[in-house]
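If you read the sequence from its start, that first residue is 1, and numbering goes on from there. Start at 1 and go down the list; that is how both ligands and their atoms are numbered.
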Amino acid sequence: MRLANIDGRLVLRGPGGRVDVAEASGGRFGPDPQDAYRDWDAFTAWARGAGLAGPAEGPAPDGGSYGPPVPRPAQVFAIGLNYREHAAEAGLDEPASATVFTKFPTSVAGHDAPVELPGGKVDWEAELVVVIGRRCHRAAREDAWSYVAGLSVGQDLSERDLQLSGPVPQFSLGKSYPGFAPVGPELVTTDEFADPGDLAISCALEGGEVLQKSRTSCMIFDVPELIVQLSAVCPLLPGDLVFTGTPSGVGMARDPQRFLSPGEVLLTTIEGVGTLRTPLTG
Ligand code: ZN
């Protein structure tokens, strides 16, 4: 099934189309989209029992305004240099452990949310976003997927001047302007995928060129390994987001370099998950 934040309300999309969760559950869950993660097991058991779970047909429908599927994540983890070709294009060695930073939660936005470019050099980074469904601390690899509520599409928008301005790179601040962490349009539960670890991922300009194209199976540290490494230190909480890193093809690594301009629209697509649209303004 697929979850969305439509006009600020939790909406489930299963075999029968869209359902407003607060109305369908008699107020037991929702209407706040964050409420799906309060007790993920109870929520999914209710959806199954009500016959609402199961695959949904077609892309995310029009109608209503999409907010982020998780509006208020407690923690937003992001991973640098997690695809071999991206580490190579950045001129850096393949890391021995995950490079972790945060995108501060005020940067989270939804599908089709306009992002005001702050000046400088704003770059694109298409990323698979993992949404945690159950609390986990010191997870074992074989259990890691069981803590995942679902997958979504994200952009790790990055202002490179600020990111690289200090004596050492500071990833978090230059990647946390308002709207710099768009996620959506929907969260797709992991049971909808034959293999949630091998999905096509791409990024393009609307009406223009393809910027990035890869598969999530090309990650250096796959989703279970990221959950192991992150939860070895931080307990992961329901509704937390993990931006899992970007493939090669970012603007900073091009010759000549190329960055985003007002009026351009980014389309970020992950197979079986959806297409996240991100318009850029001045
Ligand atoms: Zn990134």
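Hydrophobic clustering of Ile, Leu, Val, Met, Phe, Trp and Tyr side chains at less than 4.5 Å, counting indirect connections, unites M219 with V130.
Inspection of the environment of the Zn ion (ligand 1) yields the following protein N, O or S atoms under 2.8 Å: E125 OE1, E127 OE2, D156 OD2.
Judged by distance alone, the side chains of S202 and K213 never bring a donor and an acceptor atom under 3.5 Å apart. For the residue pair Q163 and E159, no side-chain donor N or O sits within less than 3.5 Å of a side-chain acceptor on the partner. Counting only N and O atoms by type, the side chains of T268 and Q155 include a donor and acceptor under 3.5 Å apart.
Side-chain atoms of D123 never come within 3.5 Å of backbone atoms of F259 as a donor-acceptor pair (strictly under, hydrogens ignored).
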Donor-acceptor pairs are to be reported for all side-chain atoms of residues 230-240 against protein atoms at under 3.5 Å, with residues two or more places apart or in another chain.
residue, atom, partner, partner atom, Å
S231, OG, R138, N, 3.4
S231, OG, A139, N, 2.9
S231, OG, I227, O, 2.8
D240, OD1, Q75, N, 3.0
D240, OD2, Q75, NE2, 2.8
D240, OD2, L237, N, 2.8

